[in-house]
Number of protein chains: 2
Amino acid sequence: MPNNLYEKAKELISHTGDRTTHHRIRTLATLLAEQHALTHREIEERLNVKGQLDRVTLYRVLEWMSKKNLIHKIAGDDRVWRFRVNTELHSHQHAHFICTRCTKVTCLNDFRIKPDPSLPLGYLFHEIELTVKGLCAECA
Amino acid sequence: MPNNLYEKAKELISHTGDRTTHHRIRTLATLLAEQHALTHREIEERLNVKGQLDRVTLYRVLEWMSKKNLIHKIAGDDRVWRFRVNTELHSHQHAHFICTRCTKVTCLNDFRIKPDPSLPLGYLFHEIELTVKGLCAECA
DNA sequence: AATTAGATGCAACTAAGTTGCGTATTTTTT
DNA sequence: AAAAAATACGCAACTTAGTTGCATCTAATT
């Protein structure tokens, strides 16, 4: 993982106003380096190659980053959360693709979603999540 | 639960060609009676008012019914599966609404989804799932 | 350098969902 | 109608993602 990602992560975290800890920076840098969404376990594996980090701490770091809108999480078919960094492109309303064989998650950026769905009377819209299921190029 | 639901469930199950057991019929009848998706636990509670049914058996019944396309399952934000019967209206491509406060799931039937999404090269489309999050009428 | 609010690590816990296996029930065959 | 084959059921034990409580440590503030 290149050093500039570490610096970028550091800057993004300091902008939140909260503490810029080593764990937060390393975790965000890891997600910045990835092209697809990672599970808690995958992040843990990448981080623990060098230097330790407690499972629980990672859960809390990820939770904090979600709350701060640095990342977003995706519910997969295997009831495991996957996390992806929020860039301008990846934030908010876009679609996810889940491969039903290898369970890898990719973001489909050039996928337009109707922003304002019509809901039953009294319902309040908050966000929309579109998941496409199928086989990825490797598994097809 | 009215008797005709039991009969309807029985007929649907016999059409699969597999065994029409009491548990399968009761489970499907329970889902037929509901207007929204139920969790495994909610189904269990309804079924165990009278007569017992093992947790594991229910999991297997639900899995079997999914495979037979009698029902479909929905991934919620609380990593709990929810199950909904497939009628002509409810099958395949439609949207779900999840209330982020009470976590109840409703099907949005008058919600059109573009049937054929454009995917990256080599990817194979299987199904599309659209989830709208927000507050339901009771929680708003 | 001392303070303090918040982050971390550890151990124990919760809960959804799964697996293995012996027993019971359907369905088929005779 | 009884026996045989195939499948479903129930129980116990297990797996694993995610959570909670609490003592300790550390980044920002004074």
Side-chain angles (χ1 to χ4, degrees), chain A residues 6 9-30 37-48 50-68 70-83 98 103 105, chain B residues 9-28 30 37-48 50-68 70-83 98 103 105:
Chain A
Y6 187 92
K10 195 171 180 177
E11 197 198 322
L12 285 167
I13 286 169
S14 72
H15 272 139
T16 66
D18 281 8
R19 287 193 189 169
T20 63
T21 68
H22 192 55
H23 291 329
R24 283 177 180 168
I25 299 167
R26 286 223 304 152
T27 304
L28 187 54
T30 301
L38 296 182
T39 62
H40 171 275
R41 178 163 284 213
E42 288 167 334
I43 299 167
E44 202 182 1
E45 280 165 6
R46 280 163 176 70
L47 286 175
N48 280 339
K50 275 203 174 184
Q52 262 57 52
L53 164 64
D54 189 72
R55 261 165 33 82
V56 178
T57 303
L58 181 53
Y59 274 118
R60 293 200 260 234
V61 164
L62 292 169
E63 192 190 342
W64 175 85
M65 289 209 265
S66 289
K67 209 171 59 191
K68 292 293 172 179
L70 292 170
I71 62 175
H72 63 281
K73 52 182 186 172
I74 308 153
D77 263 18
D78 49 5
R79 8 180 277 124
V80 175
W81 287 115
R82 283 175 174 75
F83 302 88
I98 302 192
T103 70
V105 176
Chain B
K10 195 171 179 176
E11 197 198 323
L12 286 168
I13 287 170
S14 72
H15 273 139
T16 66
D18 280 7
R19 287 191 188 170
T20 63
T21 68
H22 192 53
H23 291 328
R24 284 177 178 167
I25 300 168
R26 285 222 306 150
T27 304
L28 186 54
T30 302
L38 297 182
T39 63
H40 171 274
R41 178 163 284 214
E42 287 167 335
I43 300 167
E44 201 182 2
E45 280 164 6
R46 279 163 176 72
L47 286 175
N48 280 340
K50 276 204 174 181
Q52 260 57 51
L53 164 65
D54 188 72
R55 263 166 31 83
V56 178
T57 302
L58 181 53
Y59 275 118
R60 293 201 259 236
V61 165
L62 292 169
E63 192 191 342
W64 174 84
M65 289 209 263
S66 290
K67 210 171 58 189
K68 293 291 172 182
L70 292 170
I71 62 175
H72 63 281
K73 51 182 186 173
I74 306 154
D77 263 19
D78 49 5
R79 8 180 276 126
V80 176
W81 287 113
R82 282 175 174 75
F83 302 88
I98 302 192
T103 69
V105 175

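Residue numbers begin at 1 in each chain, while the letters A, B, ... track the order of the sequences. As a basis for the values below, the full set of heavy atoms in this structure was taken, side chains included, without hydrogen atoms, waters or symmetry mates. Since we're looking at a predicted model, the values are computed, not measured.
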Practice task
From the options D:dA17, D:dC11, C:dG17, select the nucleotide whose nearest atom is closest to the side chain of B:V80.
Solution key: C:dG17
Practice task
Send over the distance from A:R41 CZ to D:dG18 C1', rounded to a whole Å.
Solution key: 12 Å
Completion exercise
To the nearest angstrom, the CH2-P distance between B:W81 and C:dG17 comes to 8 Å
Practice task
Using atom CD of B:E42 as one end and atom P of C:dG17 as the other, report the distance to the nearest whole Å.
Solution key: 12 Å
Practice task
State which of D:dA17, C:dG9, D:dC11 makes the closest approach to the side chain of B:D54.
Solution key: D:dC11
Problem - Closest to side chain of A:V61, choosing from D:dG10, C:dT18, C:dT8 - result: C:dT8
Practice task
Could you check B:R19 against B:V56 and say which one's nearest nucleotide on DNA chain D is further toward the 5' end?
Solution key: B:R19
Problem - More than 12 heavy atoms from other groups under 6.0 Å of NZ on B:K10 - result: no
Exercise for the section: Report yes if at least one side-chain N or O of B:T21 is closer than 4.0 Å to OP1 or OP2 of D:dT7; otherwise report no. Expected result: no
Exercise for the section: Measure the distance from CD1 on A:I13 to C1' on D:dA28 and round it to the nearest whole Å. Expected result: 15 Å
Problem - OG1 on B:T39 to CD on B:E44, rounded to 0.5 Å - result: 9.0 Å
Exercise for the section: Give a yes or no on whether the ring-centroid distance for A:Y59 and A:H40 is below 6.0 angstrom. Expected result: yes
Exercise for the section: By nearest nucleotide on DNA chain D, pick out whichever of A:F83 and B:W64 is the more 5' one. Expected result: B:W64
Handout entry: Between CZ on residue B:R24 and OG1 on residue B:T57, distance to nearest 0.5 Å
Key = 10.5 Å
Exercise for the section: Respond yes when some side-chain nitrogen or oxygen of A:T57 is under 4.0 Å from OP1 or OP2 of C:dG9, and no when none is. Expected result: yes
Fill in the blank from the handout: Output for pair (A:I74 CD1, A:W81 CH2), nearest 0.5 Å, gives 9.5 Å
Exercise for the section: Take the protein atom CG of A:L53 and the nucleotide atom P of C:dT8, then report the distance between them rounded to whole Å. Expected result: 8 Å
Problem - Length of the line joining B:R79:CZ and C:dT14:P, which is rounded to integer Å - result: 15 Å
Practice task
Whole angstrom is fine here: how far is it from CG in A:L62 over to P in C:dT8?
Solution key: 11 Å
Exercise for the section: For A:T20, answer base if it contacts any base atom (sugar-phosphate contacts may also be present), sugar-phosphate if it contacts only those atoms, and nothing otherwise; contact means non-hydrogen atoms under 4.0 Å. Expected result: sugar-phosphate
Problem - Heavy-atom donor-acceptor pair, A:R60 side-chain to C:dG9 base, under 3.5 Å - result: yes
Exercise for the section: Starting at atom NE2 of A:H23, determine the distance to atom P of C:dA7, rounded to an integer number of angstrom. Expected result: 12 Å
